[in-house]
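Order of the sequence lines sets the chain letters (A, B, ...), proteins ahead of strands, with each chain counted from 1.
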Number of protein chains: 2
Amino acid sequence: MDQQIIPITANNMRTACSQCNLRELCLAVGLEDDDLHKLDSLVARRKIKRGQPLYRAGDPFNALYAIKIGFFKTDILTEEGLEQVTGFQMAGEILGLDGISNDTHVCNATALEDSEVCVMPYDQLEVLSHEIRSLQREFHKFMSREIVRDQSLMILLGSMRAEERIAAFLINLSQRMKLRGYSSSEFHLRMTREEIGSYLGLKLETVSRAFSRFHDEGLIGVQQKHIRILDGDGLRKLLDHNNC
Amino acid sequence: MDQQIIPITANNMRTACSQCNLRELCLAVGLEDDDLHKLDSLVARRKIKRGQPLYRAGDPFNALYAIKIGFFKTDILTEEGLEQVTGFQMAGEILGLDGISNDTHVCNATALEDSEVCVMPYDQLEVLSHEIRSLQREFHKFMSREIVRDQSLMILLGSMRAEERIAAFLINLSQRMKLRGYSSSEFHLRMTREEIGSYLGLKLETVSRAFSRFHDEGLIGVQQKHIRILDGDGLRKLLDHNNC
DNA sequence: CGTTTTCTTGAGCTGCCTCAACGGCCGTGG
DNA sequence: CCACGGCCGTTGAGGCAGCTCAAGAAAACG
């Protein structure tokens, strides 16, 4: 492993939490300047090349990771050896929360493009969140939000049909892009059809067909991994309408 | 609402955390006597009759609940008005973690039998977990465990066939019963076939048919809600075998 | 430039859903 | 005590959404 570790020091200070443009999305939400600097002091940076793992299932857990740049997937290998994608994560989101329960990571986290994460050693984070009330609070909210997110996915998997799932997936991606200041109507998928299918409980052919269908109906533009949302309301209508 | 609130005082001390037989399953894991008593002081008890809600989606969040006696389900009403069950909870398990993210409960929690919970006001719990290191740690583990649990369900919903899901469901219930000192081979389902189906992403008829099939194959005994596991290994084999 | 991966599309199959009918259990009230 | 109605569970028959298998085209990559 030749991954680069960059401690945060005076000469790369502009990459520290206190200067980070993702401050408001990340664990640092609402911290005072003083506290931000304390957080800075425990964060290191690490670059992950596309296709490389940030951690693997079974690895000892010792840090959480905030995505600074890039895009990740998390997945689990089932006993039968097939991969199930459990999530896609983008800048500002936290990876590794599943590891706390057993001091061991239960899933693999893999970069889907060249990425960079902020490494937050968990024992230090615990100490610091012990010191800083609003950090503790924010940390709890992050975990809770993860639980809520997983439950939405359970609803999707448990009660939606294929095209609804895919519409929901596109809308969700679009919203998260917007939140980060990117275009919400035009973006590049970092994952394959197969990974989308795995995430949504569908086969890759079904994903491909749904994209083609949406394309034919003028809802989206599709060119391989490049997606344009042409009729967001139309997509949203698919969710309410089909299932009543 | 005529639900009974019982503060814990000297005269019902044997129901306090320090005396609770679920201590090792609950948030109180690993606390020293001193700390246990601190936890006692913030816990109140509340009884919930069968069919009654502990909380509803949209209710303001202000406490977590540890189940002392009984059995609950959590569910969400989708926009189209259909109920999706997100979990079944039994003694020692914690309800309400989803509420932390937005200070609002996102799901309904309903008693499936006459039950009793320990009410832990969240702001007080935060203060106390600030004081007691091992409580903070245990709390984080509980949240993380919830995330891991949700992810297993995602795998179940995303990649298993109907009979595998139901086998997994029965095995899971059986293990949790065992952990609580009940028989792992014979128990009473507190939920309907429809609720099981909703939880597993199946229709109630499919659940019923799978039970009948398992029954015919000698894997389980079924008499309405009374279940006997006759061949646990056979059930487990269904999981590995079918999907390879 | 060749190799590999990814995507698309078609045709046929099947597991689960839908719709429907019936039987058992339980609480309520006569 | 029995009669009744409402809920819950079981079972059957038929249909369809999404899976499987297959082949070919288009990108991506070294």
Side-chain angles (χ1 to χ4, degrees), chain A residues 49-52 73 80 82-85 110 112-114 156-169 188-217 220-227 238 241-244, chain B residues 49-51 73 80 82-85 110 112-114 156-167 169-170 188-217 220-227 238 242-244:
Chain A
K49 284 255 171 249
R50 180 191 152 151
Q52 292 299 308
K73 70 169 176 183
E80 304 90 44
L82 42 92
E83 175 199 40
Q84 164 94 15
V85 173
T110 311
L112 293 181
E113 60 181 2
D114 290 357
L156 180 145
L157 291 170
S159 72
M160 291 186 184
R161 348 193 107 266
E163 295 198 347
E164 297 176 287
R165 296 185 199 191
I166 292 168
F169 172 73
H188 206 81
L189 297 176
R190 313 298 358 174
M191 69 296 276
T192 66
R193 303 288 192 263
E194 185 163 22
E195 286 163 335
I196 297 172
S198 171
Y199 180 60
L200 299 176
L202 301 169
K203 293 290 147 184
L204 69 95
E205 294 95 330
T206 306
V207 176
S208 181
R209 276 187 247 270
F211 278 172
S212 300
R213 185 115 188 275
F214 289 171
H215 182 97
D216 293 348
E217 289 168 348
I220 63 175
V222 186
Q223 229 168 5
Q224 298 292 120
K225 295 191 159 155
H226 189 79
I227 299 284
L238 276 182
H241 184 236
N242 275 8
N243 220 2
C244 64
Chain B
K49 285 255 169 249
R50 179 190 153 154
K73 71 169 175 182
E80 304 92 42
L82 43 93
E83 175 200 39
Q84 164 95 16
V85 174
T110 310
L112 293 181
E113 61 181 2
D114 292 356
L156 180 146
L157 291 169
S159 72
M160 292 187 184
R161 350 192 108 264
E163 295 198 349
E164 296 176 288
R165 296 184 199 192
I166 291 168
F169 172 73
L170 289 173
H188 206 81
L189 298 177
R190 318 269 44 147
M191 69 296 277
T192 66
R193 303 288 192 262
E194 185 164 22
E195 286 164 336
I196 298 172
S198 171
Y199 180 60
L200 298 177
L202 301 169
K203 292 291 148 184
L204 68 96
E205 295 95 329
T206 307
V207 175
S208 182
R209 276 186 247 270
F211 279 173
S212 300
R213 184 116 189 275
F214 289 170
H215 182 97
D216 294 347
E217 288 168 350
I220 63 175
V222 187
Q223 231 168 2
Q224 300 291 120
K225 294 192 157 151
H226 189 82
I227 299 282
L238 276 182
N242 274 8
N243 220 2
C244 64

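Comparing C/dC17, D/dG9, C/dC7 by their closest approach to the side chain of B/Gln224 singles out D/dG9. Checked against C/dC16, D/dT10, D/dG18, the side chain of B/Thr206 finds its nearest nucleotide in C/dC16. Nearest nucleotide to the side chain of A/Lys225, out of C/dC16, C/dT6, D/dG18: C/dT6.
Taking only distance into account, the side chain of B/Glu205 meets the base of C/dC19 through a donor-acceptor pair shorter than 3.5 Å. If you check distances only, the side chain of B/Glu195 never reaches the base of D/dC8 with a donor-acceptor pair under 3.5 Å.
If you measure from atom NE2 of B/His226 to atom C1' of C/dC26, you get 18 Å, rounded to the nearest angstrom. If you take CG of B/Leu200 and C1' of C/dC17, they are 16 Å apart, rounded to a whole angstrom. A/Glu194 has its CD atom 13 Å from the P atom of D/dC19, to the nearest Å. Rounded to a whole Å, the CZ atom of B/Arg161 is 12 Å from the P atom of C/dT14. Between B/Ile196 atom CD1 and D/dC8 atom P there is a gap of 12 Å when expressed in whole angstrom units. Atom-to-atom, CZ of A/Arg165 to C1' of D/dA17 comes out at 11 Å; the value is rounded to the nearest Å. Whole-Å rounding puts the A/Glu163 CD to D/dC19 P distance at 12 Å. The distance between atom CG of B/Leu204 and atom P of C/dC19, rounded to the nearest whole Å, is 13 Å.
Put simply, B/Ser212 has no side-chain N or O that comes within less than 4.0 Å of OP1 or OP2 on D/dT10. Checking the phosphate oxygens (OP1, OP2) of C/dC7, a side-chain nitrogen or oxygen of A/Arg193 falls inside 4.0 Å. Look at A/Arg50 and you'll find a side-chain N or O under 4.0 angstrom from OP1 or OP2 of D/dC29.
Taking five base pairs at each end of the helix from C/dC1-D/dG30 to C/dG30-D/dC1 and finding the rotation axis that steps the C1' atoms of four pairs onto the next four gives two axes whose angle is 50°, to the nearest 10°.
Nucleotides of DNA chain D nearest to A/Arg209 and A/Gln223 differ in position, and the one nearer the 5' end is that of A/Arg209.
Nucleic acid contact for A/Leu202: sugar-phosphate only, since backbone atoms but no base atoms lie under 4.0 Å from a heavy atom of the residue. Contact annotation for A/Ser208: base contact, defined as any heavy-atom pair under 4.0 Å involving a base atom. Residue-level contact check: B/Gly197 touches neither bases nor backbone, having no heavy atom under 4.0 Å from any strand.
Between the side chain of B/Glu164 and the backbone N or O of B/Arg161 there is at least one donor-acceptor pair closer than 3.5 Å.
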Donor-acceptor contacts, no H, no angles, side chain residues 192-202 of chain B, under 3.5 Å, sequence neighbours left out:
| residue | atom | partner | partner atom | Å |
| --- | --- | --- | --- | --- |
| B/Thr192 | OG1 | B/Glu194 | N | 3.3 |
| B/Thr192 | OG1 | B/Glu195 | N | 3.1 |
| B/Arg193 | NH2 | B/Gln224 | O | 2.8 |
| B/Glu195 | OE1 | B/Thr192 | N | 2.9 |
| B/Glu195 | OE2 | B/Lys73 | NZ | 2.8 |
| B/Ser198 | OG | B/Glu83 | O | 3.3 |
| B/Ser198 | OG | B/Val85 | N | 2.8 |

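In this structure, the side chains of B/Leu157 and B/Arg165 come closer than 4.5 Å at one or more pairs of heavy atoms. Contact annotation: the side chain of B/Arg209 approaches that of B/Glu205 to within less than 4.5 Å [non-hydrogen atoms, C-beta and beyond].
The ring pair (Phe, Tyr, Trp, His ring centres under 6.0 Å) test applied to B/Phe214 returns no partner, not counting sequence neighbours.
Note that the CE atom of B/Met191 and the CD atom of B/Glu113 stand 10.0 Å from one another [nearest 0.5 Å]. Between the CD atom in B/Glu217 and the CG atom in B/Leu238 there is a gap of 7.0 Å [rounded to 0.5 Å]. Considering OG1 of B/Thr206 and CD of B/Glu163, their distance stands at 10.0 Å, rounded to 0.5 Å.
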